[in-house]
Amino acid sequence: MRLFAALVPPTEAVEHLDAFLEVRRGAADFRWSLAEHLHVTLAFYGDVEEWRLDEVAERLRSAAARRTPVEARVAGGGAFPDPAAARVLWAGLEAKSHEELERLAAGCRTAGSVSGARVDGQRFRPHVTVARLRRAGHVDDWVRLLDGYRGPTWRAGSVALVASHLGQGARRRPRHEVLERVEVGSGE
């Protein structure tokens with residue numbers, strides 16, 4: 001089972017970003033992310049054996065409980081690996097306490113690792129993937145456009161444990177299934 005832990009922005013924040021992008025989508029031949037897929041990945045666990053799921057969830061609950069909810073908003077933008085040879089276009093995440101957000105992500109990664117998942121070890125850069133490019137290209141104009149974007153502020157108070165079912169969604173895209181939501185700062 002392919003798993004990841006994520007912050008899922010509330011409906012208002014997703015709708016705001018989606019409306020901002022909607023009027024611009026026709027200007028580029030990107031594979032735009034579906035609104036229901038917009039999230040901030042805190043930890044990517046990859047393929048995890050189903051028998052490990054309970055332990056991953058328990059450790060994720062414990063890691064999130066030790067952190068404090070963060071005021072955040074989708075703002076700014078960028079591209080991976082860089083705007084000159086982009087494969088991914090993303091919107092950034094501003095947080096009132098970036099350090100607390102990094103601690104939450106580190107805790108989510110540790111929860112997976114200790115549970116036996118092979119956790120992606122890349123540096124944490126909070127972002128929402130808004131589009132993927134079919135082949136690498138220049139997206140400087142798109143990054144500048146996203147740099148001017150500021151979405152509504154929301155409270156990042158829960159972490160979703162998500163199963164990604166590849167090829168099972170619309171047009172052979174992944175289907176995301178939230179298996180559990182765990183509270184941030186519950187103090188357990």
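The shown structure was predicted, so the numbers you read here are calculated from the model rather than taken from an experiment.
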Side chain to side chain contact (heavy atoms under 4.5 Å, CB included), that's the test. Do R52 and M1 meet it? Break it down for me.
CA-CA 10 Å; R52 293 185 190 273; M1 172 178 310; over 6 Å; no

Heavy-atom distance under 4.5 Å between the side chains of R155 and E71, does that happen here?
yes

For W32 and A28 the tightest heavy-atom approach is NE1-O, 3.7 Å

Can you see whether E102 engages H98 through a side-chain donor-acceptor pair at a distance of less than 3.5 angstrom?
yes

Salt bridge or not between R144 and D141? Use side-chain N to carboxylate O under 4.0 Å.
yes

Do any N or O atoms from the side chain of H37 and from the backbone of A35 form a donor-acceptor pair under 3.5 angstrom?
no

Which atoms form the tightest heavy-atom contact between G78 and L89, and what is the distance?
O-CD1, 3.5 Å

Evaluate whether atom CZ of R135 has more than 12 neighbouring non-hydrogen atoms of other residues, nucleotides or ligands under 6.0 angstrom away.
no

In Å and rounded to the nearest 0.5 Å, what is the CG to CZ distance from L161 to R181?
11.0 Å

To the nearest 0.5 angstrom, please state how far the CG atom of L133 sits from the CG atom of D29.
9.0 Å

Do L38 and L17 have side chains that approach each other closer than 4.5 Å (heavy atoms only, starting at C-beta)?
yes

When you measure from the side chain of R132 to the backbone of T129, do you find a donor-acceptor pair of N or O atoms at a distance under 3.5 Å?
no

Considering only heavy atoms from C-beta outward, does the side chain of L145 approach that of R24 to under 4.5 Å?
yes

Heavy atoms only: give me the nearest F124-T41 pair and the separation to one decimal.
CE1-O, 3.4 Å

Do V14 and V128 sit in one hydrophobic cluster, given that two such residues count as connected whenever their side-chain heavy atoms are within less than 4.5 Å of each other, even indirectly?
yes

Using side-chain heavy atoms (C-beta onward) and a distance below 4.5 Å, is D47 in contact with L3?
no

Could you tell me the separation between the CZ atom of R31 and the CZ atom of R134, rounded to the nearest 0.5 Å?
6.0 Å

Non-hydrogen atoms of G151 and H16 that approach each other most closely:
CA-ND1, 3.8 Å

Same hydrophobic cluster for L101 and V8, using side-chain heavy-atom links shorter than 4.5 Å among ILVMFWY?
no

Just checking, is any N or O donor in the side chain of R109 or S113 under 3.5 Å from an acceptor N or O on the other one?
no

Between F20 and Y149, ring centroids under 6.0 Å:
yes

Look at the side chain of E94 and the backbone N and O of R73, then say whether any donor-acceptor pair between them is shorter than 3.5 Å.
no

In this structure, are over 12 heavy atoms from other groups packed under 6.0 Å from R118 atom CZ?
no

Does any N or O in the side chain of S164 come within less than 3.5 Å of the main-chain N or O of R2, such that one atom is a donor and the other an acceptor?
no

Do L179 and V162 come within less than 4.5 Å of each other through their side chains, counting heavy atoms only?
no

For the pair H138 and D82, evaluate side chain to side chain contact (heavy atoms under 4.5 Å, CB included) and give the outcome as yes or no after the intermediate values.
CA-CA 9 Å; H138 290 274; D82 62 67; over 6 Å; no

Between A95 and V70, the two heavy atoms sitting closest are CB-CG1, 3.5 Å

Is R103 paired with E99 through a side-chain N to carboxylate O contact shorter than 4.0 Å?
no

Electrostatic pair E100:R67 at N-O distance under 4.0 angstrom
yes

To the nearest 0.5 Å, how far apart are CG in L7 and CG in L42?
4.0 Å

Connected via hydrophobic side-chain network under 4.5 Å: V74 and V184:
yes

Step by step, would you call Y45 with L60 a side chain to side chain contact (heavy atoms under 4.5 Å, CB included)?
CA-CA 12 Å; Y45 304 134; L60 189 61; 3.7 Å; yes

G157 and P69 have their tightest heavy-atom pair at CA-CB, 4.1 Å

If you count every heavy atom of other residues, nucleotides or ligands that lies below 6.0 Å from R87 atom CZ, does the total exceed 12?
yes

Can you check whether R61 reaches E180 side chain to side chain, under 4.5 Å on heavy atoms?
yes

Answer with yes or no whether the hydrophobic clustering places F80 together with L93; edges join I, L, V, M, F, W, Y residues whose side-chain heavy atoms lie under 4.5 Å apart.
no

Kindly say whether F44 contributes a backbone atom to a donor-acceptor pair with the side chain of D120 at under 3.5 angstrom?
no

Are F4 and V182 joined in one hydrophobic group, where the rule is that I, L, V, M, F, W and Y side chains link up if heavy atoms are under 4.5 Å apart?
no

With side chain to side chain contact (heavy atoms under 4.5 Å, CB included) as the test, would you mind laying out the steps for V130 and F30 before giving the verdict?
CA-CA 9 Å; V130 296; F30 299 158; over 6 Å; no

